[in-house]
2 protein chains.
Amino acid sequence: MYIVSLNTDNIVIMSNIELKNAGLKVTLPRVKILNKLESAENHHMSAEDIYKELINDGEVISLATVYRVLTQFEAANIAIRHHFDSDNGQAVFELNHGGHHDHMVSLKTGKVVEFYDDIIENRQKEIAKEHNFKITEHSLILYGEFSEED
Amino acid sequence: MYIVSLNTDNIVIMSNIELKNAGLKVTLPRVKILNKLESAENHHMSAEDIYKELINDGEVISLATVYRVLTQFEAANIAIRHHFDSDNGQAVFELNHGGHHDHMVSLKTGKVVEFYDDIIENRQKEIAKEHNFKITEHSLILYGEFSEED
DNA sequence: CTACGTGCAAACGGTTTGCAATTCC
DNA sequence: GGAATTGCAAACCGTTTGCACGTAG
């Protein structure tokens with residue numbers, strides 16, 4: 001599934017096949033960003049999150065590149081962009097693992113939990129039909145807090 | 001319900017009691033903006049929508065004031081701010097008539113239809129409970145198009 | 001070798017804000 | 001009259017982009 005190699009700087013490079021399938025050259029910045037998204041603890045990071053972590057790791061990269069790469073990932077269906085009201089207007093990105101899901105977002109910690117519910121999905125379709133509405137996409141976000149949080 | 005008067009410029013001034021209840025002085029700009037929101041055909045307008053219509057009506061107002069007033073309305077629960085992905089990043093505002101509802105947004109025309117569904121609301125609560133999550137608010141938006149549209 | 005990708009800094013677009021002038025009560 | 005409000009222009013902040021340089025294949 002992954003092509004793993006080690007460059008002279010001891011940076012682990014995992015070039016996902018999806019990168020090539022998307023017609024994107026396997027460049028260091030793209031690989032670094034993909035790695036960050038793959039290893040993100042709650043699976044959702046803003047461009048700045050990724051940029052700061054990479055800089056912190058000692059990597060050399062520019063914020064503009066992070067934005068450009070994320071936009072390319074989105075266009076290639078490798079990543080999904082969300083606009084959670086709780087993040088200061090910043091978009092957050094997650095890897096697209098295929099299955100649709102909705103989100104629960106903690107207003108306290110920013111923690112994100114994904115969920116999927118057939119009953120809700122079906123009701124959405126029924127309601128749309130009642131209004132002669134064809135759904136292209138939809139966004140359901142629950143904002144609040146988890147009881148185990150600080 | 002409304003206090004209606006007529007100023008020398010023949011502008012109908014409806015100062016909603018909510019304005020006073022919110023501790024907001026009943027000023028001309030606030031009344032004009034409230035009127036626009038009340039008369040909006042699809043109940044959802046961006047700050048710029050409101051500004052342009054007022055200028056078109058021959059009113060004198062600044063965009064900064066529209067933004068400030070809308071933010072005050074939001075804080076006073078007179079209006080609700082939404083971020084529909086379809087609007088070019090612009091926030092849209094609607095009057096808060098009390099009852100919660102979700103939205104169907106046309107990607108073609110920007111038309112907005114409101115709906116409310118008990119089944120969905122209940123499932124959201126159940127799912128939240130399963131995750132020990134306390135919902136503060138939530139946002140459900142269906143994007144697509146209405147069949148009767150151009 | 002050459003098309004594609006990146007870094008930098010400047011531009012962009014929606015929104016906010018400091019300040020002086022104005023308005024409401 | 002005095003506090004609250006407005007207009008203007010500049011600041012802000014996340015994101016995008018033009019251009020010269022760098023790099024993958």
Side-chain angles (χ1 to χ4, degrees), chain A residues 3 5 7-9 11 13 15-17 19-34 44-52 54-55 59-76 78-79 81-93, chain B residues 3 5 7-9 11 13 15-17 19-34 44-52 54-55 59-76 78-79 81-93:
Chain A
I3 300 166
S5 64
N7 79 354
T8 51
D9 286 320
I11 298 169
I13 301 176
S15 35
N16 196 308
I17 289 172
L19 266 188
K20 290 181 181 166
N21 286 349
L24 297 172
K25 268 190 196 169
V26 180
T27 64
L28 263 175
R30 285 179 184 149
V31 171
K32 290 175 190 167
I33 292 168
L34 196 48
H44 294 75
M45 301 181 82
S46 70
E48 204 178 346
D49 289 341
I50 294 173
Y51 173 71
K52 282 185 176 163
L54 286 175
I55 293 297
E59 304 288 356
V60 175
I61 197 166
S62 82
L63 185 55
T65 296
V66 176
Y67 274 108
R68 262 188 295 233
V69 168
L70 287 172
T71 300
Q72 293 159 348
F73 283 5
E74 188 188 19
I78 293 175
R81 183 192 307 247
H82 295 289
H83 294 278
F84 297 153
D85 290 1
S86 48
D87 300 295
N88 318 317
Q90 291 190 176
V92 295
F93 299 81
Chain B
I3 299 167
S5 65
N7 79 354
T8 52
D9 285 324
I11 300 170
I13 303 178
S15 35
N16 197 306
I17 288 172
L19 265 188
K20 289 179 178 163
N21 285 350
L24 297 172
K25 266 192 199 168
V26 180
T27 64
L28 263 175
R30 283 179 186 151
V31 171
K32 290 175 190 168
I33 292 167
L34 196 48
H44 294 76
M45 301 181 80
S46 70
E48 204 178 346
D49 288 341
I50 294 173
Y51 173 71
K52 282 185 176 164
L54 286 175
I55 293 297
E59 304 287 357
V60 176
I61 198 166
S62 81
L63 184 55
T65 296
V66 176
Y67 273 108
R68 261 188 296 232
V69 168
L70 287 172
T71 300
Q72 292 160 347
F73 283 5
E74 187 188 20
I78 294 175
R81 183 192 306 247
H82 295 289
H83 295 279
F84 297 153
D85 290 0
S86 47
D87 300 294
N88 319 318
Q90 290 191 175
V92 296
F93 298 81

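In what follows, chains carry the letters A, B, and so on, assigned in the order in which the sequence lines appear, proteins first and then strands, with residues in each chain numbered from 1.
Rounded to whole Å, the distance from CG on Leu70(B) to C1' on dT6(D) is 15 Å. In this structure, Met45(A) atom CE and dT15(D) atom C1' are separated by 18 Å, rounded to whole Å. As a whole-Å value, the separation of Tyr51(B) OH from dT15(C) C1' is 14 Å. Atoms CD1 (Ile55(B)) and P (dT6(D)) sit 14 Å apart, rounded to a whole Å. The NZ atom of Lys32(B) sits 14 Å away from the C1' atom of dC24(C) (whole-angstrom rounding). Rounded to an integer number of Å, the gap from CD1 of Ile61(B) to P of dT23(C) is 13 Å. Between the CD atom of Glu59(B) and the C1' atom of dT6(D) there is a distance of 15 Å, rounded to whole Å. Rounded to a whole Å, the CG atom of Asp49(A) is 15 Å from the C1' atom of dC13(D).
Atoms NE2 and NE2, on His83(A) and His83(B) in that order, are 10.5 Å from each other to the nearest 0.5 Å. Once rounded to the nearest 0.5 Å, the distance linking NE2 of His44(B) with CZ of Phe93(B) reads 11.5 Å. Rounded to the nearest 0.5 Å, atoms CZ (Arg68(B)) and CD1 (Ile33(B)) are 10.5 Å apart. Once rounded to the nearest 0.5 Å, the distance linking OH of Tyr67(A) with OG of Ser46(A) reads 7.0 Å. Remark: Phe73(B) CZ to Thr71(B) OG1 distance equals 10.5 Å, nearest 0.5 Å. Note that CZ of Arg30(A) and CG of Leu24(A) are 4.5 Å apart. Values are rounded to the nearest 0.5 Å.
With contacts defined as side-chain heavy-atom distances shorter than 4.5 Å, the pair Gln90(B)/Glu48(B) qualifies. Arg81(A) is not listed as a side-chain neighbour of Leu70(A), based on a closest heavy-atom distance of 4.5 Å or more. Residues Leu34(B) and Ile78(B) form a side-chain contact, since some pair of their non-hydrogen atoms from C-beta on lies under 4.5 Å apart.
Residues of residues 82-93 of chain A having a heavy atom closer than 4.0 Å to DNA chain C: none are found.
For the residue pair Ile55(A) and Ile61(A), the shortest heavy atom distance occurs at CD1-O, 3.9 Å. Leu63(A) and Ala47(A) make their closest contact through CD1-O, 4.1 Å (heavy atoms, listed as atom of the first residue, atom of the second, distance).
Annotation: of the two residues near DNA chain C, Val66(A) and Ser46(B), the 5′-most nearest-nucleotide partner is Val66(A).
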Polar atoms only, N or O, under 3.5 Å: list the protein pairs with nucleotides 21-25 of chain D and their distances.
from	atom 1	to	atom 2	distance (Å)
dG25(D)	OP1	Val26(A)	N	3.4

Which atoms of nucleotides 16-22 of chain C (N or O only) lie under 3.5 Å from a protein N or O atom, and what are those distances?
from	atom 1	to	atom 2	distance (Å)
dG18(C)	O6	Arg68(B)	NH1	3.3

